[in-house]
Amino acid sequence: MKRIFFLILIISWSNFAQKTIAELPLKSDKQLLSVVYLPTKDKVVCLLGKKVDKIYSNEINDVWAYDTDGFVHKLIENEKLTNCIFSPIETTFLIARLPVKNNFPDEYKLNIDGSSSNFFKINDEFRYFNDVYGLSIINQKNKTNVDLKNDELFLKVVDLFSGKSTNNKLNKPDLSKVENKTTTTYSEGMNFDIRINENNISFITKSINKNYKSASIYRSIYDLTGTKTNEFEYSVNVPKNYLIFSDNGGGSSIDNRNEKKISELAINNYLVDKKDGSVYVYGLFGNEAKQLSETTNLPLGIYVFKFDNQGKLQWESIQNIIDVTGFNQIQDVSKINLSIRLRNNEVFCSVFSKEKKYYDSIIIDDKNGEKKSEATVKLDEIKEISETDVLKSDLGLLKFDNFKFDKETIYLYNQSSEFKKYLDNQDKSKSYSFKTFISKKGFWLVQSDNASECKLLLF
């Protein structure tokens, strides 16, 4: 049997109120297809319909958004659609008309706050989506495979309704900061990242000092005409240790073997608080200074640096993680999943590895960067995900042989006596999957048997 043993629990939050948000009416021809969490709006969106033996795999009939008060906004109802894509702004999504034959969809409509446009054809490719525009970074040859050092850069803007596109030239950021005598050199050519905002884009480059004790993020803001409107530099340093890479969302791609690989951009990542524009730069530190090609290292802890919306450092928090049978092992650090979430006056940080079977977390006070609590969980084994598992949860608990959990639900189980009571009262003969989203107001829990039952709860 696959089990999880809990090694250390430093602090436990024992009082989490439970609130049932919804019980979805599932049946054979209306199943839960996927769940999308919108962190800025703090809503959970459920896509309902049925799986089909077609190249597009799902027929979407309903798209319902739930808020923390239990109100449901039926964005789409009783239609035949497929391929739903939310914009990072969270107010808009693209969704496609169901093709007549077994083809990829080519007609889409925009749904903006619940109101749908007419269908239109998308004739021009784009990589990013921002409400009513498709966006790409291209070079002078109209290619997205950009050589940052030698190519000219353009922001391609596609008006989704009219299909018209414009190429707006970008003045490059100062690349001499990215690679110079004091910095490391990118192994596969200088790389960059793009973040999509409501009316602009953030163009991200990074430099890493050769001693791996410091690094800088350079964030250039361009409006949709290609005009640079602002620049920020966020510098971090860990003088007693070394910055190391991780799977933190800062820079990764899929290789020819369909496997994820990280780039030098994965030296760290950042998160913007949409409320006030504060920026949180986070990453791991470890025992040795190593290049990206040498991913085996001994991780020691996590750092978070908070900057205000003008780029001024507010505080820095460098926290050791003590987990000698999990996190503190020599391992492939590119397999360590690192993430942070913003809660009310807190920064929730977690590190997770399926390979080494651990999940560790630290909560930092958002006012001053001081550590408030920490917890360590040792994962004994991982469960298999079947084709019918919509929530894709694959962790097990000793007491619940037929239940599957994701790592956030395991954390909730350790922290909430209310959730433990709730779980104990469930029918243990049934096969349930659980998925948790950490929000500022609490913990969203999705529970489904992948057939006839689906509940949304808030703890």
Side-chain angles (χ1 to χ4, degrees), residues 137-140 143-155 169-195 200-222 226-253 261-272 279-295 297 303-308 310-313 316 318 333-334 338:
I137 301 297
I138 60 174
N139 61 14
Q140 67 278 8
K143 302 295 184 182
T144 56
N145 187 17
V146 171
D147 182 340
L148 185 55
K149 280 186 178 180
N150 301 310
D151 283 348
E152 293 182 88
L153 297 185
F154 296 85
L155 174 63
K169 188 170 183 179
L170 302 180
N171 290 322
K172 292 182 187 180
D174 185 358
L175 301 183
S176 66
K177 294 181 179 180
V178 179
E179 285 186 354
N180 53 58
K181 292 181 179 180
T182 65
T183 68
T184 61
T185 301
Y186 280 71
S187 56
E188 296 184 1
M190 193 180 292
N191 207 349
F192 64 93
D193 189 22
I194 299 293
R195 300 287 178 92
N200 55 52
I201 67 167
S202 295
F203 192 101
I204 309 302
T205 54
K206 299 179 185 180
S207 67
I208 308 169
N209 193 285
K210 285 182 177 179
N211 62 16
Y212 281 88
K213 289 184 175 293
S214 62
S216 294
I217 296 176
Y218 306 103
R219 181 184 176 208
S220 299
I221 311 296
Y222 297 88
T227 302
K228 187 187 294 185
T229 60
N230 218 332
E231 286 186 302
F232 301 97
E233 178 178 340
Y234 311 112
S235 295
V236 299
N237 65 89
V238 287
K240 295 181 180 180
N241 298 107
Y242 303 96
L243 303 177
I244 63 175
F245 297 97
S246 62
D247 179 14
N248 53 44
S252 64
S253 61
K261 69 173 185 177
I262 62 173
S263 72
E264 276 83 3
L265 294 177
I267 194 66
N268 54 28
N269 199 0
Y270 76 93
L271 178 67
V272 178
V279 173
Y280 300 78
V281 178
Y282 60 96
L284 297 183
F285 61 88
N287 192 52
E288 293 185 77
K290 287 190 173 183
Q291 298 178 352
L292 182 65
S293 59
E294 304 173 274
T295 56
N297 212 324
Y303 63 85
V304 181
F305 285 53
K306 181 181 179 179
F307 301 84
D308 67 15
Q310 298 301 309
K312 183 180 179 182
L313 180 65
E316 57 185 72
I318 301 174
V333 295
S334 71
L338 165 65

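Please read these numbers as outputs of a predicted model, since none were measured by experiment.
Using a 4.5 Å heavy-atom threshold, the side chains of Leu338 and Asp247 count as separate. Within the 4.5 Å cutoff, the side chain of Phe285 has no heavy atoms near those of the Lys240 side chain. Considering only heavy atoms from C-beta on, Leu271 stays 4.5 Å or farther from Val279 through its side chain. For the pair Phe203 and Ile194, the minimum side-chain heavy-atom distance is below 4.5 Å.
Taking OG1 from Thr184 and CD1 from Ile267, the interatomic distance works out to 8.0 Å, rounded to the nearest 0.5 Å. Going from atom CG of Asn230 over to atom OG of Ser220 covers 9.0 Å, rounded to the nearest 0.5 Å. Note: Ser235 OG to Tyr218 OH = 6.0 Å, rounded to the nearest 0.5 Å. One finds the OG1 atom of Thr185 at 8.5 Å from the CE atom of Met190 (value rounded to the nearest 0.5 Å). From Asn237, atom CG reaches atom CG of Leu243 across 8.0 Å, with rounding to the nearest 0.5 Å. Of the inter-residue distances, the one linking Arg219 atom CZ with Ile201 atom CD1 reads 11.5 Å to the nearest 0.5 angstrom.
Panel note: side chain Lys210, backbone Lys181; a donor-acceptor pair is recorded below 3.5 Å. Counting only distance, with no hydrogens or angles, the side chain of Asn297 and the backbone of Glu288 share a donor-acceptor pair below 3.5 Å. Here the side chain of Lys149 pairs no donor or acceptor atom with the backbone of Leu175 at under 3.5 angstrom. A donor-acceptor contact shorter than 3.5 Å links the side chain of Lys172 to the backbone of Leu148. Side-chain atoms of Asp151 never come within 3.5 Å of backbone atoms of Leu153 as a donor-acceptor pair (strictly under, hydrogens ignored). In this structure, the side chain of Ser252 does not engage the main chain of Gly249 through any donor-acceptor pair within 3.5 Å. One N or O on the side chain of Glu264 and one on the backbone of Ser187 form a donor-acceptor pair closer than 3.5 Å. Checking side-chain atoms of Lys213 against main-chain N and O of Asn241 turns up a donor-acceptor pair under 3.5 Å. Without hydrogens or angle criteria, Asn209 side chain to Tyr212 main chain gives no donor-acceptor distance under 3.5 Å.
Just one residue in the list Asn269, Asn268, Asp193 forms a side chain to side chain donor-acceptor pair (under 3.5 Å) with Lys206, and that residue is Asn268.
For Phe305, the ring-ring contact (aromatic ring centres under 6.0 Å, His included) test picks out Tyr303, with sequence neighbours left out. Residues passing the ring-ring contact (aromatic ring centres under 6.0 Å, His included) test with Phe307, sequence neighbours excluded: Tyr234.
For Asn180, the CG atom sits in a packed shell: over 12 heavy atoms of surrounding residues, nucleotides or ligands are nearer than 6.0 Å. In this structure, Gln140 places its CD atom where more than 12 heavy-atom neighbours from other residues, nucleotides or ligands lie under 6.0 Å away. The neighbour count for Asn171 CG, taken as heavy atoms of other residues, nucleotides or ligands under 6.0 Å away, does not exceed 12.
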Step by step, would you call Tyr270 with Tyr282 a ring pair (Phe, Tyr, Trp, His ring centres under 6.0 Å)? CA-CA 6 Å; Tyr270 76 93; Tyr282 60 96; 8.7 Å; no

As a quick check of understanding, evaluate side-chain contact (heavy atoms from CB on, under 4.5 Å) for Ile208 and Phe245, giving each step before the final call. CA-CA 11 Å; Ile208 308 169; Phe245 297 97; 4.2 Å; yes

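Closest heavy-atom contact between Ile217 and Val281: CD1-CG1, 3.8 Å. When every heavy atom of Ser246 is checked against every heavy atom of Leu284, the shortest pair comes out as CB-CD1, 3.6 Å. Contact between Phe154 and Glu152 at its shortest, heavy atoms only, is CE1-CB, 3.8 Å. Listed here is the closest heavy atom pair of Lys228 and Pro173: NZ-CA, 3.9 Å. Residues Thr295 and Leu292 share a closest heavy-atom pair of CG2-O, 3.0 Å. The two residues Ser207 and Thr183 come nearest to each other via the heavy atoms CB-CG2, 4.1 Å.
A salt bridge links Glu188 with Lys261: the closest approach of a Lys/Arg side-chain nitrogen to an acidic carboxylate oxygen falls below 4.0 angstrom.
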